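Notes for the one structure printed next.
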Amino acid sequence: MIKLKENVYQLNIDDFEVGKSQTKLVEFPSFYGLQKVQAPVYVYRAGQKISPCVVVTACIHGDETNGIRIAQSLMLKKLKLSQGTLIILPVVNIYGFMNKLRYLPDRKDLNRCFPGHPKGSFGSRFADFIFQNITRYGDVFIDLHSGGPGRFNVPQIRCDLKTQGIKELIEAISIPLVVNSSLRDGSLRQAISDLNKPCIVFEGGEGLRVDETITKYGVNLVQSIMAKLEMIPAKSKYIKDKVIIKKTKWVRAHEAGILINKAHRGKVVKKEEVVGELRDINGKLITRIKMEHDGVILGISQSAMIMAGDALYNLGFLKESPKDEDEEFFDYFDFET
Ligand SMILES: [Zn+2]
């Protein structure tokens, strides 16, 4: 029997020419021992010195296609690195991607399997394979995600502000909305944080879709981090003060019905503000959906057909932000205009 380790790719930076970008199709674990599986790996090494090395991962959830598009856009850009290395894995969970599914073939969520183990379940072995390859060289990690199919997330960063080096990075990034959380959940972010290295999760867009506005946010994010590490020239200065969100909550439907959304994505809302309606099949109003707290709408259900208990609006609590910042924040995320 061939072990996972023996027939899969081991990233060796010396296989890549210095001074230019290269994308290779490399061997991932096979499908059921029948079908070879290959996935792209991009490496751009500026010089002999590998550090600072930025690693971008996308599509850890196989249906989160906007991350692939961000990765593609970076790979196709004519970047000129003055130092360091950029590594991009545009389709990490290629098995889920081929089936339009979030999960791995063993129904595991890859982002609950890190750092993984070479003798664990398939999910755990695959997580170990990815983790060993990307942490061999990486100094700073950016993991690209989106909402699931039918859920749109406004561009936001998720990170643990307690991790070494994160605060300095956050000041320099292009996205002002930062959700601070220190999860113990088996995510790539947690496993990287445990190595005391910064890992920033980008959330933006909707599963199985590509939104080019979201793509721009993602590309700018990666470039702002590379500029901070002096790998590329800084294009523009970004707002240094970030809006830190310490708590998020899904507002759920109390009743079933057809959802008519009235809120902009990223809208700053007040407690009791009406953001949508549920109507019955004849159009009669069932209920108005009110916000239970002050906050910002981070995500919205894109489906109109709602069952009682369905998640409708993901609300980020803004309580600790000064009031005068809210207006600027609203304009920044007003996608609908
Ligand atoms: Zn995801």
Side-chain angles (χ1 to χ4, degrees), residues 28 39-40 55-74 88-116 122-124 126-127 129-131 134 138 141-160 173 175 177-193 198-211 213-215 217-219 221-222 245 248-250 265-266 297-303 311 313-314 316:
F28 272 30
V55 177
V56 178
T57 45
C59 208
I60 276 185
H61 292 132
D63 57 0
E64 294 179 2
T65 40
N66 221 131
I68 300 176
R69 179 65 188 139
I70 295 166
Q72 284 176 349
S73 303
L74 287 162
I88 303 174
L89 274 70
V91 199
V92 173
N93 179 4
I94 194 147
Y95 315 96
F97 172 72
M98 286 196 278
N99 289 309
K100 293 190 186 173
L101 292 175
R102 175 184 176 90
Y103 300 105
L104 289 169
D106 66 352
R107 300 189 194 89
K108 291 258 182 353
D109 182 334
L110 176 57
N111 216 24
R112 297 289 176 274
C113 295
F114 287 102
F122 174 74
S124 184
F126 185 63
F129 159 65
I130 295 294
F131 192 71
I134 63 173
F141 298 80
I142 304 157
D143 190 22
L144 305 172
H145 287 259
S146 72
R151 280 188 194 166
F152 182 94
N153 282 341
V154 298
Q156 58 195 271
I157 294 304
R158 293 186 187 171
C159 61
D160 184 351
I173 63 172
I175 294 176
L177 184 55
V178 177
V179 179
N180 179 35
S181 65
S182 42
L183 301 170
R184 310 298 308 168
D185 59 356
S187 64
L188 176 64
R189 172 160 74 89
Q190 182 215 312
I192 300 281
S193 298
C199 180
I200 289 170
V201 167
F202 171 80
E203 277 282 353
E206 183 186 345
L208 297 177
R209 287 176 187 259
V210 169
D211 178 318
T213 307
I214 296 295
T215 305
Y217 275 90
V219 169
L221 168 71
V222 176
I245 291 174
T248 63
K249 189 187 175 192
W250 276 100
R265 295 157 174 176
I297 295 177
L298 300 175
I300 299 184
S301 164
Q302 299 299 103
S303 171
Y313 296 91
N314 191 215

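Each ligand, and each atom within it, is numbered from 1 in the order the structure gives. No experiment lies behind these values; they were computed from the predicted model shown.
In this structure, Arg265 is positioned above the aromatic face of Phe152, its NZ or CZ under 6.0 Å from the six-membered ring centre and within 45° of the axis.
Between His61 and His145, the ring planes are perpendicular. Angles over 60° get that label, and only those under 30° would be called parallel. Under the 30°/60° scheme for interplanar angles, the aromatic rings of Phe126 and Phe129 are found to be tilted.
Donor-acceptor pairing under 3.5 Å is recorded for the side chains of Thr215 and Asn66.
Restricting His145 to its N/O/S atoms, the shortest distance to the Zn ion (ligand 1) is reached by ND1. Within His61, the N, O or S atom lying nearest to the Zn ion (ligand 1) carries the name ND1.
Not one N/O/S atom of Glu203, from backbone or side chain, sits under 2.8 Å from the Zn ion (ligand 1).
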